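What follows is one structure encoded as C-alpha cells, with my remarks underneath.
FYI, the numbering just counts along the sequence from 1. It should be emphasised that the depicted structure is a prediction, and the values quoted were computed from it without experimental measurement.
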Amino acid sequence: MLTSDFFDDKTEAIISLEQFYGEKKHIVEKCLIVFSKEIHTYLLNSFECEQIGELGACGSLDKERTKGRFVVPTESYRGEGCSHYYVPASDYIEIKNADKVAAVLGKLGAPYVKGRVWTTDSMLRETKGLVSKRKNEGCIAVEMELAGVQAVCDFYGLELFDFLEAGDVLSDSGYEVEGLHEANHSLGKVLLALEIAVNL
C-alpha cells in the first residue's frame with residue numbers, strides 16, 4: 001500500500017510560476033529539453049537562437065536490448081521526489097506519447113526499443129537489490145529526470161515526447177561507463193530530436 005502524501009491538488013500553491021515568469025502565455029509550439037552543456041553550446045552556435053526563459057542520461061539495465069538503439073520509455077518508475085508533488089501516488093507514471101515517438105523513429109529508420117525505465121534522483125543508491133527489482137519489473141534503463149518531467153507536463157497540460165540513449169550500464173557485475181560521454185553529448189541525438197519535432 002502506498003502511503004506517500006506528496007501530491008496535493010486540493011489546496012493552493014504558495015509560490016506559482018506566474019510570480020517568476022508573469023502570466024501564462026503561449027511562447028513556443030515545441031520545446032527540446034537538453035541536459036548537456038556541450039549540446040546546448042552547439043545549438044547556440046549553429047542556429048539562430050533567442051532566450052525566452054530559463055529553468056534552473058540514461059543508463060542501461062539491459063545491455064543486449066538497448067545496445068545501438070534509442071530507448072523509448074513507455075512508463076517510468078517514480079524513484080524520485082518531483083513527480084509525487086504533481087500527480088497522485090503510484091509506482092509508475094505512463095509516458096503518454098511513447099507510441100508517437102516510436103512511429104517517428106521508425107519512419108526515420110532510427111533503431112529503437114520500447115520499455116519501462118527507472119527514474120531515480122539518488123544515483124549513489126542504485127543498489128544491486130533495487131537494480132534487480134526494477135529489471136524484474138521490466139525496466140530496461142535508468143535515468144534521473146523523466147518521471148518528474150512527465151508529471152509536470154501532465155499537471156500543466158503539456159505534451160512530452162521523450163527518447164533516451166544509454167551510455168553507461170548497471171548490472172550485478174558492476175558499472176560500465178565507456179559510452180557515457182558519447183550518449184550524453186552526441187550531436188546526432190539532438191539532430192534526431194529536431195527531426196522528431198518536425199515530424200510530430
May I ask whether V190 and L108 are part of the same hydrophobic cluster, defined by side-chain heavy atoms of I, L, V, M, F, W, Y residues being less than 4.5 angstrom apart, directly or through others? no
Counting C-beta onward and ignoring hydrogens, is there a side-chain heavy-atom pair between W118 and V131 closer than 4.5 Å? yes
Honestly curious: do V117 and F163 fall in one hydrophobic cluster under the side-chain, below-4.5 Å linking rule? no
Aromatic plane relationship, Y86 with F155 - under 30° parallel, 30 to 60° tilted, over 60° perpendicular: perpendicular
If hydrophobic clusters are built from ILVMFWY residues whose side chains come within less than 4.5 Å, do L192 and L32 share one? no
Heavy-atom distance under 4.5 Å between the side chains of V34 and Y42, does that happen here? no
R65 side chain to I140 backbone, donor-acceptor under 3.5 Å: no
Could you walk me through whether E145 and T119 satisfy the side-chain contact (heavy atoms from CB on, under 4.5 Å) test, starting with their C-alpha distance in whole Å, then the side-chain angles of each, then the deciding distance to 0.1 Å, before giving a yes or no? CA-CA 6 Å; E145 297 92 11; T119 302; 5.8 Å; no
Looking at D121 and G81, would you say the former's side chain and the latter's main chain have a donor-acceptor pair under 3.5 Å? yes
K128 backbone acceptor or donor facing S132 side chain under 3.5 Å: no
Can you find a heavy atom in the side chain of I39 that is under 4.5 Å from one in the side chain of L187? yes
Taking all heavy atoms of V71 and all of A141, pick out the closest pair and write down the distance. CG1-CB, 4.3 Å
Does K133 have more than 12 heavy atoms from other residues, nucleotides or ligands lying within 6.0 Å of its NZ? no
Side chains of S83 and Q150: does their closest heavy-atom pair fall under 4.5 Å? no
CZ on R116 to CD1 on I95, rounded to 0.5 Å: 11.5 Å
Any donor-acceptor pair under 3.5 Å linking the side chain of E80 with the backbone of C82? yes
What donor-acceptor contacts under 3.5 angstrom involve side-chain atoms of residues 99-107, with partners at least two apart or in another chain?
from: D99; atom 1: OD1; to: K114; atom 2: NZ; distance (Å): 2.5
from: K107; atom 1: NZ; to: N199; atom 2: OD1; distance (Å): 2.9

Supply the atom-to-atom distance L146 CG to S76 OG, rounded to the nearest 0.5 angstrom. 4.5 Å
Approximate separation, where rounding is to 0.5 Å, of D154 CG and K96 NZ: 3.5 Å
Output for pair (I33 CD1, C153 SG), nearest 0.5 Å, gives 6.0 Å
Check whether Y92 and L130 end up in the same hydrophobic cluster, where Ile, Leu, Val, Met, Phe, Trp and Tyr are linked by side-chain heavy atoms less than 4.5 Å apart. yes
Give, for atom CG of L194 and atom CZ of F47, the distance between the pair rounded to the nearest 0.5 Å. 5.5 Å
To the nearest 0.5 Å, how far apart are CD in E29 and CG in L200? 12.0 Å
Shortest non-hydrogen separation from R78 to A147 and the atoms involved: CG-CB, 4.0 Å
When every non-hydrogen atom of P73 is compared with those of L164, the smallest separation belongs to CG-CD1, 3.7 Å
Does the pair R134 and V142 meet the rule for a side-chain contact (heavy atoms from CB on, under 4.5 Å), with working shown? CA-CA 9 Å; R134 298 293 85 83; V142 58; over 6 Å; no
For residues T66 and S60, report the shortest heavy-atom separation together with the two atoms involved. OG1-OG, 2.7 Å
